[in-house]
2 protein chains.
Amino acid sequence: MKTVESKAGTEGDFSFDVYEKKFKALADELRLKIMYELNQKGQLCVCDLTELVGLPQSKLSYHLKILHDAGFIQREKKGTWNYYQLNDPEVKAILSPELCCIFYPGQ
Amino acid sequence: MKTVESKAGTEGDFSFDVYEKKFKALADELRLKIMYELNQKGQLCVCDLTELVGLPQSKLSYHLKILHDAGFIQREKKGTWNYYQLNDPEVKAILSPELCCIFYPGQ
DNA sequence: ATTATACATCAAAAAAAGTTGATATATTGT
DNA sequence: ACAATATATCAACTTTTTTTGATGTATAAT
């Protein structure tokens, strides 16, 4: 994982691409809003989010996929619904506690 | 700054754009490598970085500007040279301490 | 004063990411 | 079995970012 530390100092190819992917996922106002809403409300289905965020469904799915692929959110299927929620440990591993209650999970 | 907290819960237009800009700056392998090198070496001029990172000068300047505009690095001019270094408080305000010694400043 | 070095900036081209509307799949209710 | 709902995915298009090479500006060295 932190390939970097073992090689620290020595030049070399680290896994910056993994971090790139994670920061890319956060690098969008809409996705930050989604993270924020999930952080506030806990668990939401896509239909809830379309209303909260005011996006067409296909657009929302696109952004949810990016957050999911980056590991920041988890999906739980319940019948026809897909419920999403923050993946707290993943978020905490990347974000500063100073961002608590915006994107960073409280408690 | 954290407009979010005062309004938390109430829907509304927060300053997600500020965070978007910061995460966008981090959302690039090259720029992460630059952050890493600055974190390791402390202070570097553009010419040092071109060698460390192996980029043409104009490309490097482009990426340094993005990091600088986002507030993650500071510039100090000494004669013809521009020395860059991490802006520690800014980095710490965004990144998890778990990223210590990669991008997050040690100590 | 001229030449060389360090760096920023610019404009054009290329690549990547985001948007849109349509379609596909699965599940639930009748 | 049929209709309706929730959601994912796809392909065409638009927008944003990145790259590249050239040019400009300032400082330093001769």
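Heavy-atom basis, side chains included; hydrogens, waters and symmetry copies ignored. Just so it is clear: chains get the letters A, B, ... in the order the sequence lines come, proteins before strands, and each one is counted from 1.
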Practice item. Only counting residues at least two apart or in another chain, list the ones meeting ring pair (Phe, Tyr, Trp, His ring centres under 6.0 Å) with B:Phe23. Key: none

Return a table of donor-acceptor pairs under 3.5 angstrom between the side chains of residues 84-96 of chain A and protein atoms on other chains or two or more places apart.
from	atom 1	to	atom 2	distance (Å)
A:Tyr84	OH	A:Arg75	NH1	2.8
A:Gln85	OE1	A:Gln43	NE2	3.1
A:Asn87	ND2	A:Gly71	O	3.0
A:Glu90	OE1	A:Lys22	NZ	2.7
A:Ser96	OG	A:Glu98	N	2.9
A:Ser96	OG	B:Lys92	O	3.0

Check your understanding: Considering residues at least two apart in sequence or located in another chain, which fulfil the side-chain hydrogen bond (donor to acceptor under 3.5 Å, both in side chains) criterion with B:Ser61?
Key -> B:Gln57

Practice item. Output all residues satisfying salt bridge (charged side-chain N to carboxylate O under 4.0 Å, His left out) with B:Asp69, sequence neighbours left out; order by chain, then residue number. Key: B:Lys65

Practice item. Could you list where the contact with chain B starts and ends along DNA chain D, reading 5' to 3', using a 4.0 Å heavy-atom cut-off? Key: D:dT17 to D:dA28

Point to revise | ring-ring contact (aromatic ring centres under 6.0 Å, His included) contacts touching residues 54-79 of chain B (sequence neighbours left out) | key: none

Exercise for review: Check the distance between C:dC7's C1' and B:Leu44's CG and give it to me in whole angstrom.
Suggested key: 15 Å

Review point. How is the hydrophobic cluster of B:Trp81 composed, in terms of its other members, when Ile, Leu, Val, Met, Phe, Trp and Tyr link through side-chain heavy atoms under 4.5 Å apart, directly or indirectly?
Key: B:Tyr83

Review point. Can B:Leu60 and B:Thr50 be said to form a side-chain contact (heavy atoms from CB on, under 4.5 Å), step by step?
Key: CA-CA 7 Å; B:Leu60 191 53; B:Thr50 43; 3.5 Å; yes

Kindly give the atom pairs (protein nitrogen or oxygen, nucleotide nitrogen or oxygen) under 3.5 Å for nucleotides 28-30 of chain C.
none

Review point. Under 4.0 angstrom, heavy atoms only, what part of the nucleic acid is B:Tyr83 near: base, sugar-phosphate, or nothing?
Key: nothing

**Study point:** Protein-nucleotide distance (B:Asp48, atom CG; C:dT5, atom P), rounded to Å
**Key:** 16 Å

Review point. For DNA chain D, what residues of residues 66-77 of chain A have any heavy atom nearer than 4.0 Å?
Key: A:Arg75

Review point. Listed in order of residue number, which residues of residues 54-62 of chain A have a non-hydrogen atom at under 4.0 Å from DNA chain D?
Key: A:Gln57, A:Ser58, A:Ser61

Practice item. For residues A:Tyr36 and A:Tyr104, establish whether the separation of their ring centroids is below 6.0 Å. Key: no

